[in-house]
Structure formats: C-alpha cells, structure tokens
Peer 1: 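The structure under discussion is supplied below as structure tokens; questions concerning it will follow.
Chain letters run A, B, ... following the sequence lines, proteins first and then strands; every chain starts at 1.
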There are 2 protein chains.
Amino acid sequence: MRIGEAAAAAGMTATALRFYESCGLLPPAPRSPNGYREYTEDAVNRLQFIRRGQAAGLTLDQIKGILNLRETGESPCSHVRELLARELQDLDRRITELISLRAAVAGFHRNAVETDPASCDPGQVCSFL
Amino acid sequence: MRIGEAAAAAGMTATALRFYESCGLLPPAPRSPNGYREYTEDAVNRLQFIRRGQAAGLTLDQIKGILNLRETGESPCSHVRELLARELQDLDRRITELISLRAAVAGFHRNAVETDPASCDPGQVCSFL
DNA sequence: GTGCACCTTCCCCTATGGTGGAACGTCAAG
DNA sequence: CTTGACGTTCCACCATAGGGGAAGGTGCAC
C-alpha cells in the first residue's frame with residue numbers, strides 16, 4: 001500500500017510517516033518502480049505501536065529505542081519496564097510541580113479578585129504578581 | 001549599571017537580558033558612550049517582575065502583554081485577573097490530563113512487572129504497550 | 001604593552017513533533 | 001489532452017526560552 005493509505009490506516013499523516021522514516025523510527029520503506037514508498041501490514045502495525053507508545057507518553061526517541069532493541073533480536077521487555085518506571089517517576093514529579101504551581105497561582109488569583117483595583121499603585125507594574 | 005551586573009541583580013544572565021530586549025519585553029536600554037547598555041534600578045525591578053511572572057507560570061508573551069498595558073498607562077489589573085483565571089483553568093486541565101496519563105502508565109507498568117518475560121512474543125514489538 | 005574581564009553584534013543551535021510550500025513526477029479518468 | 005489526486009525531494013517554519021561561539025571593541029590592572 002502507498003504512503004497515504006498506510007498513514008490513514010494508522011491514523012497519521014503521510015508527512016508524519018516520512019518524518020518517522022527520516023528519524024529512524026521506520027526503516028527506509030521499499031520503493032515501487034515509480035519511486036513511491038510501499039508499506040505492508042507489518043509496517044502499519046509498527047505505526048500503531050508508535051501511536052500506542054505516544055499515547056503512553058513516551059517520546060519518539062524512547063519508542064525508537066524499544067524498536068531498535070526488538071530489531072536486534074533482543075527482547076525489549078526489561079528495557080520497557082525500566083522506561084515505564086522512570087516515566088511514572090517523571091509524571092509524579094511533574095504532577096507535584098503543577099499542583100504546587102496551581103496553589104501559587106490560585107493564591108495570586110484570590111488576591112487579585114479580593115483586592116480593590118483602585119488600590120493599584122501606578123508606580124509598579126502589577127501588585128498582583 | 002552594566003548588563004552583567006543588572007543580570008546578576010535579577011538572577012539572570014546577560015544573554016537573557018539581550019534576548020528580552022530583542023523580544024520587546026524590555027525597552028531598548030540607553031547606552032553609555034562606549035556603546036554598553038546602561039540599566040537603572042527601575043530596569044532591575046522590571047526584570048524581577050518578569051521573574052515573578054515566570055514563577056507564576058506565565059509565558060514571556062503574557063508578561064509582555066502586562067508590561068505593555070502598564071506602559072500605555074492603563075492599569076493591567078483586570079487583564080492580570082483574567083490571565084490568572086485562564087491559567088488556573090489551563091493548569092487544572094493539564095493536571096487532569098497528567099493524572100489520567102499516569103493511571104494509564106501505571107497500568108502498563110503493573111502489567112509489565114507481573115508478566116513473565118518468557119511469555120514475550122517475538123512476533124510483535126512489545127506486548128506491554 | 002599586554003593580559004583579562006567585560007561588552008558589542010550576528011547568526012546558528014538546542015529539544016519536540018511534526019506542518020507547509022515549492023517544484024516536480026506519476027497515474028487514472030474524463 | 002488535460003485535470004486532479006496522489007507521490008517525490010528539499011527546505012523553511014511553528015512555539016519556548018534562551019545558550020554558544022565568532023569576531024571585534026573597551027577599560028582596568030600589572
């Protein structure tokens with residue numbers, strides 16, 4: 001199948017497929033005589049794996065690492081386990097950060113809502129921050 | 001004072017100050033006869049306001065908007081209120097997203113820890129994703 | 001008179017995940 | 001015979017917030 005069809009089958013754009021190939025996430029696609037890329041069902045499966053990896057919050061580089069491991073015949077299982085563990089830690093850290101940022105912003109906002117705008121000092125930029 | 005000193009006073013780098021000036025966050029600094037930028041205490045206050053804005057999670061573009069409002073003589077109070085309200089919503093959305101992503105990743109990870117690696121199917125990339 | 005720290009401008013580079021356009025080739029239908 | 005939908009390549013660009021280095025000027029101390 002050609003690039004547009006494969007892209008549609010995986011819920012992506014043709015541009016994204018070319019981009020993935022250029023990054024090494026996909027092996028160079030075989031070409032039909034007219035130079036068009038030819039994709040198999042296997043390629044589409046790989047694309048869907050990429051999608052699942054992204055949905056799991058992995059970066060393209062991490063997904064590439066998994067695919068490369070599988071390529072070398074090694075089982076990526078333990079690598080993926082570590083990846084997921086590290087990602088959980090990372091997510092926890094980011095969630096904590098966002099929650100404390102939210103508390104800070106909520107404090108600024110509460111102050112901004114409660115304070116009389118007339119008390120605004122033109123000598124400074126903004127007393128709310 | 002010169003750029004390095006002003007930067008240090010605001011806890012930034014000289015490069016950042018030039019960058020802010022180039023983006024319109026800072027008015028073009030007056031120059032001393034040798035062409036060096038000259039900063040006043042007021043400029044350092046402005047830099048510290050930028051820092052506080054960033055600490056509150058605002059983008060440089062949003063901070064620039066506040067500074068520009070103040071520049072035109074208008075009081076940025078209500079603008080800042082709206083900005084903070086929108087940011088709270090945005091933070092809530094991002095936190096919710098991250099938490100649900102975390103749940104999904106935790107599920108993958110639990111499965112990966114509990115599953116026997118020997119049951120790994122070499123025909124697919126990784127059964128954990 | 002020279003070394004050193006600081007300043008200037010200009011332009012490219014970082015990471016992320018692609019998108020869009022230009023200029024051109026290919027193929028089937030009308 | 002031409003139109004349209006697809007394909008190809010390469011190159012530039014989006015946002016974000018600067019960092020890094022080259023090539024050169026300035027000013028002070030030794």
Peer 1: Heavy atoms of chain A, cut-off under 4.0 Å: which first and last nucleotide of DNA chain C, 5' to 3', fall inside that, if you could look?
Peer 2: C/dG17 to C/dC27
Peer 1: Can you list everything that forms a side chain to side chain contact (heavy atoms under 4.5 Å, CB included) with A/Ile99? Sequence neighbours excluded, please.
Peer 2: A/Ile95, B/Ile95
Peer 1: Does the side chain of A/Leu25 reach to within under 4.5 Å of the side chain of A/Phe19, using non-hydrogen atoms?
Peer 2: no
Peer 1: Which atoms of nucleotides 19-23 of chain D (N or O only) lie under 3.5 Å from a protein N or O atom, and what are those distances?
Peer 2:
{"unit_1": "D/dG19", "atom_1": "OP2", "unit_2": "B/Thr13", "atom_2": "OG1", "d": "2.8"}

Peer 1: Within this structure, what is the OH-CD1 distance for the pair A/Tyr36 and A/Ile3, rounded to the nearest 0.5 Å?
Peer 2: 11.5 Å
Peer 1: Sequence neighbours excluded, which residues qualify as side chain to side chain contact (heavy atoms under 4.5 Å, CB included) partners of A/Asn45?
Peer 2: A/Asp42, A/Gln48
Peer 1: With heavy-atom distances below 4.5 Å as the criterion, would you say the side chains of A/Leu47 and A/Leu26 are in contact?
Peer 2: yes
Peer 1: Give the minimum heavy-atom separation between A/Leu101 and B/Ala56, together with the two atoms involved.
Peer 2: CD1-C, 3.8 Å
Peer 1: Only counting residues at least two apart or in another chain, list the ones meeting side chain to side chain contact (heavy atoms under 4.5 Å, CB included) with B/Arg51.
Peer 2: B/Met12
Peer 1: Output all residues satisfying side-chain hydrogen bond (donor to acceptor under 3.5 Å, both in side chains) with B/Arg93, sequence neighbours left out; order by chain, then residue number.
Peer 2: B/Asp90, B/Glu97
Peer 1: Just the table, please: protein N/O against nucleotides 25-27 of chain D N/O, every pair under 3.5 Å.
Peer 2:
{"unit_1": "D/dG25", "atom_1": "N2", "unit_2": "B/Tyr36", "atom_2": "OH", "d": "2.6"}
{"unit_1": "D/dT26", "atom_1": "O4'", "unit_2": "B/Tyr36", "atom_2": "OH", "d": "3.2"}
{"unit_1": "D/dG27", "atom_1": "OP1", "unit_2": "B/Asn34", "atom_2": "ND2", "d": "3.2"}

Peer 1: Would you work out how much the helix from C/dG1-D/dC30 to C/dG30-D/dC1 bends between its ends, with each end axis defined by five base pairs, to 10 degrees?
Peer 2: 40°
Peer 1: To the nearest Å, give me how far apart CZ (A/Arg31) and C1' (D/dT8) are.
Peer 2: 8 Å
Peer 1: Has A/Arg81 got a side-chain atom pairing as donor or acceptor with B/Ala112's backbone, closer than 3.5 angstrom?
Peer 2: yes
Peer 1: Give, ordered by number, those residues of residues 60-67 of chain A having at least one heavy-atom distance below 4.0 Å to an atom of DNA chain D; if nothing qualifies, reply none.
Peer 2: none
Peer 1: Enumerate the residue pairs fulfilling side-chain hydrogen bond (donor to acceptor under 3.5 Å, both in side chains) with a member in residues 10-19 of chain B, sequence neighbours excluded, ordered by first and then second residue.
Peer 2: none
Peer 1: Any side-chain N or O of A/Arg18 under 4.0 Å from OP1/OP2 of D/dT8?
Peer 2: yes
Peer 1: Check side chain to side chain contact (heavy atoms under 4.5 Å, CB included) between B/Phe49 and all other residues, then give those that pass, not counting sequence neighbours.
Peer 2: A/Val125, A/Cys126, A/Leu129, B/Arg52, B/Ile63, B/Ile66, B/Leu67
Peer 1: Hey, does the side chain of B/Glu38 reach the backbone of B/Met1 with a donor-acceptor pair shorter than 3.5 angstrom?
Peer 2: yes
Peer 1: Distance check, rounded to the nearest 0.5 Å: B/Phe128 atom CZ versus A/His79 atom NE2?
Peer 2: 12.5 Å
Peer 1: In whole angstrom, what separates B/Phe19's CZ from D/dA15's C1'?
Peer 2: 11 Å
Peer 1: Could you note down all residue pairs passing side-chain hydrogen bond (donor to acceptor under 3.5 Å, both in side chains) where residues 55-71 of chain A supplies at least one of them, sequence neighbours left out?
Peer 2: A/Arg46-A/Glu71
Peer 1: Is B/Glu21 salt-bridged to B/Arg37, going by a charged N under 4.0 Å from an acidic O?
Peer 2: yes
